[in-house]
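Read the structure below first, then the notes.
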Amino acid sequence: MANNTNFYKDLKFHNIALRELLKSENLFNSVPNNWTVVVTDIVNSTNVIRKGKHNDVNLVATGSIITVLNKIKTIDSNITIPYFFGGDGATFLVPDEILSSVFLALENYAKHVKNNFNFTLRVGKIAVSEVYKSGSTIRIAKLKLNPFLVTPVVIGNGLKYAEKFIKDNFNTSLEVSYKNVPIDLEGMECRWDEIEPISEDKKVICLLVMCKNETKQAEIFTKIMDEIDYIFGELSERASITTVKLKLNTSLAKIKHEMYARLGKLDRKYLIKNWLITNFGKLYFKYFKAGKEYLFKVSQLSDTIMLDGSINTVFSGNENQINKLKLLLDSLESDREIIYGIHATYASIMSCYIEDREEKHIHFVDGTEGGYTSAAGELKRKLNAHTAYFWK
């Protein structure tokens with residue numbers, strides 16, 4: 001089989017509206033057979049969130065992405081892969097050339113998570129060729145959402161099949177033999193306060209939508225995204241992350257929490273250094289041009305819309321707008337076209353991967369009170385109820 005390690009890197013990005021991309025399925029390419037789907041997620045994350053640990057869940061999910069990206073940099077910095085943040089975990093598409101190194105890094109990260117958070121982080125994989133044997137597809141394109149952010153867009157149910165397969169076949173009692181590989185979470189930061197919507201009447205909305213019928217998926221997702229644009233405004237208008245609402249949390253407790261997440265131990269030098277940097281940051285963002293530019297880029301580089309074979313998006317809106325959207329969603333659901341989960345809450349939370357503060361930083365956004373995980377819980381309850389006539 002031809003070497004296609006750079007399959008994703010070589011894809012051209014499309015600087016068009018999402019709806020236009022979805023209408024042009026010829027712009028999507030099938031992921032190569034010799035790539036692998038890798039999935040991480042926290043076991044029983046719903047129960048963890050009920051204990052008030054939604055920030056920890058978000059941070060651990062972000063850490064799995066940082067683990068993979070940092071590992072790839074040590075192998076070959078020219079390799080890029082698509083990945084998808086899911087609130088309580090992440091999904092990756094990985095070429096065979098780097099699979100064993102990436103998977104080992106994640107297994108060791110799972111041990112780090114167990115030791116420092118007492119969470120069980122499920123780590124699993126399935127070959128894309130095996131996904132295709134199930135009859136599901138994974139077709140991918142690159143979309144340029146704004147001048148700073150290019151994101152992968154997937155249609156087809158392959159990633160959802162992979163996630164279910166991995167979860168169904170994971171043994172939480174299995175003792176994994178971890179090698180002594182250092183954990184590399186360089187660039188992990190979580191120093192922002194909870195971020196409230198721009199106006200008091202608005203809430204932060206986390207929405208998940210699944211459509212089983214692959215032949216109608218692009219059409220239905222286009223219809224839903226058009227309705228969201230119509231009701232809530234374009235992406236910049238409905239953004240849950242706005243520059244004016246970004247505020248650093250300068251408490252020692254916040255830095256200490258980040259320190260244990262990254263290092264797994266007390267490091268007074270790290271604690272003091274980063275506390276001082278964060279306190280200076282408040283002045284930097286307020287009075288320096290470069291600081292103000294960075295804040296703007298944070299809002300542009302926030303990961304708030306993702307299509308991985310389902311719609312996953314975070315945005316802001318008021319109760320009246322939410323009810324208008326539900327009219328369409330309920331109609332599509334009653335026609336057995338989709339199943340959806342939605343969670344409205346008071347603020348966003350954000351964890352970050354900072355390679356440098358000029359261009360290379362990405363910010364992973366979720367809602368408070370469980371956000372994506374709460375929406376996924378609603379979707380799962382519906383899925384279980386509808387399985388007999390909808391999902392088989």
Side-chain angles (χ1 to χ4, degrees), residues 37-74 83-92 94 99-125 162-163 166-167 169-191 253-267 270-271 274 303 349-354 362-366 370-374 376-377:
V37 183
V38 177
V39 173
T40 68
D41 80 294
I42 296 168
V43 175
N44 295 324
S45 56
T46 302
N47 291 334
V48 173
I49 286 165
R50 286 188 185 130
K51 297 175 183 177
K53 296 184 177 181
H54 57 264
N55 283 292
D56 289 348
V57 168
N58 187 268
L59 192 59
V60 167
T62 300
S64 67
I65 294 174
I66 294 171
T67 294
V68 170
L69 298 184
N70 283 347
K71 172 52 66 175
I72 291 173
K73 281 197 298 184
T74 68
Y83 57 86
F84 305 87
F85 173 74
D88 64 350
T91 301
F92 310 86
V94 182
L99 176 62
S100 60
S101 297
V102 164
F103 201 77
L104 178 59
L106 281 173
E107 286 185 319
N108 279 276
Y109 176 64
K111 183 179 180 183
H112 172 82
V113 168
K114 187 68 175 178
N115 290 340
N116 291 286
F117 293 92
N118 198 30
F119 299 162
T120 298
L121 183 71
R122 179 165 29 210
V123 181
K125 61 186 176 180
E163 289 170 19
I166 288 165
K167 290 178 182 180
N169 290 278
F170 182 77
N171 183 358
T172 57
S173 65
L174 186 66
E175 290 294 328
V176 180
S177 178
Y178 295 97
K179 296 182 180 178
N180 187 23
V181 176
I183 302 300
D184 182 3
L185 294 171
E186 184 67 33
M188 174 189 275
E189 290 188 9
C190 57
R191 300 175 192 176
K254 187 73 168 176
I255 307 301
K256 190 175 182 181
H257 186 71
E258 176 193 296
M259 175 191 67
Y260 275 103
R262 275 184 62 173
L263 308 179
K265 63 181 181 180
L266 175 63
D267 184 326
Y270 178 100
L271 188 65
N274 285 281
D303 191 12
I349 55 175
M350 185 164 67
S351 50
C352 314
Y353 177 44
I354 313 295
I362 184 71
H363 308 270
F364 302 100
V365 181
D366 201 352
Y372 275 135
T373 303
S374 296

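One is the number of the first residue; the rest follow in order along the sequence. These values consider heavy atoms only, across backbone and side chains, with no hydrogens, waters or symmetry-generated copies. Since the model is a prediction, treat every value here as computed from it, not as a measurement.
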Working for side-chain contact (heavy atoms from CB on, under 4.5 Å), residues D184 and K73:
CA-CA 11 Å; D184 182 3; K73 281 197 298 184; over 6 Å; no
Supply the atom-to-atom distance [X] [atom1] to [Y] [atom2], rounded to the nearest 0.5 angstrom.
{"X": "T91", "Y": "I65", "atom1": "OG1", "atom2": "CD1", "result": "9.0 Å"}
{"X": "Y353", "Y": "L185", "atom1": "OH", "atom2": "CG", "result": "10.0 Å"}
{"X": "Y260", "Y": "L271", "atom1": "OH", "atom2": "CG", "result": "9.0 Å"}
{"X": "T120", "Y": "F170", "atom1": "OG1", "atom2": "CZ", "result": "7.0 Å"}
{"X": "I362", "Y": "T62", "atom1": "CD1", "atom2": "OG1", "result": "10.5 Å"}
{"X": "I166", "Y": "K125", "atom1": "CD1", "atom2": "NZ", "result": "10.0 Å"}

Looking at [X] and [Y], would you say the former's side chain and the latter's main chain have a donor-acceptor pair under 3.5 Å?
{"X": "D267", "Y": "Y270", "value": "yes"}
{"X": "E258", "Y": "E189", "value": "no"}
{"X": "T40", "Y": "A90", "value": "yes"}
{"X": "H112", "Y": "A261", "value": "yes"}
{"X": "N58", "Y": "H54", "value": "no"}

Would you say that F119 contacts D56 through its side chain, given a criterion of any heavy-atom pair below 4.5 Å between the two side chains?
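They are in side-chain contact.
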So for atom NZ, which belongs to K254, do other residues, nucleotides or ligands contribute more than 12 heavy atoms lying within a distance under 6.0 Å?
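More than 12 within 6.0 Å, yes.
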Apply side chain to side chain donor-acceptor pair (under 3.5 Å) to [X] and list each qualifying residue two or more places apart in sequence or on a separate chain.
{"X": "N55", "result": "none"}
{"X": "K256", "result": "none"}
{"X": "D303", "result": "none"}
{"X": "H363", "result": "H361"}

side-chain contact (heavy atoms from CB on, under 4.5 Å) between V94 and I72: does it pass, once the steps are laid out?
CA-CA 10 Å; V94 182; I72 291 173; over 6 Å; no
Contacts of S45 that satisfy side chain to side chain contact (heavy atoms under 4.5 Å, CB included) - sequence neighbours left out:
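Residues passing side chain to side chain contact (heavy atoms under 4.5 Å, CB included) with S45: I42, D88, T373.
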With sequence neighbours excluded, tell me which residues meet side chain to side chain contact (heavy atoms under 4.5 Å, CB included) with S374.
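By the side chain to side chain contact (heavy atoms under 4.5 Å, CB included) rule, S374 matches H343.
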Where is the tightest heavy-atom contact between [X] and [Y], given as atom of each residue plus distance?
{"X": "V123", "Y": "A110", "value": "CG2-CB, 4.1 Å"}
{"X": "A162", "Y": "V37", "value": "CB-CG1, 3.6 Å"}
{"X": "Y109", "Y": "L59", "value": "OH-O, 4.1 Å"}

Quick one: do V60 and L121 satisfy side-chain contact (heavy atoms from CB on, under 4.5 Å)? Show the steps, please.
CA-CA 9 Å; V60 167; L121 183 71; 4.1 Å; yes
Which word best sums up how the rings of F85 and Y372 line up, parallel for under 30°, tilted for 30 to 60°, or perpendicular for over 60°?
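Perpendicular.
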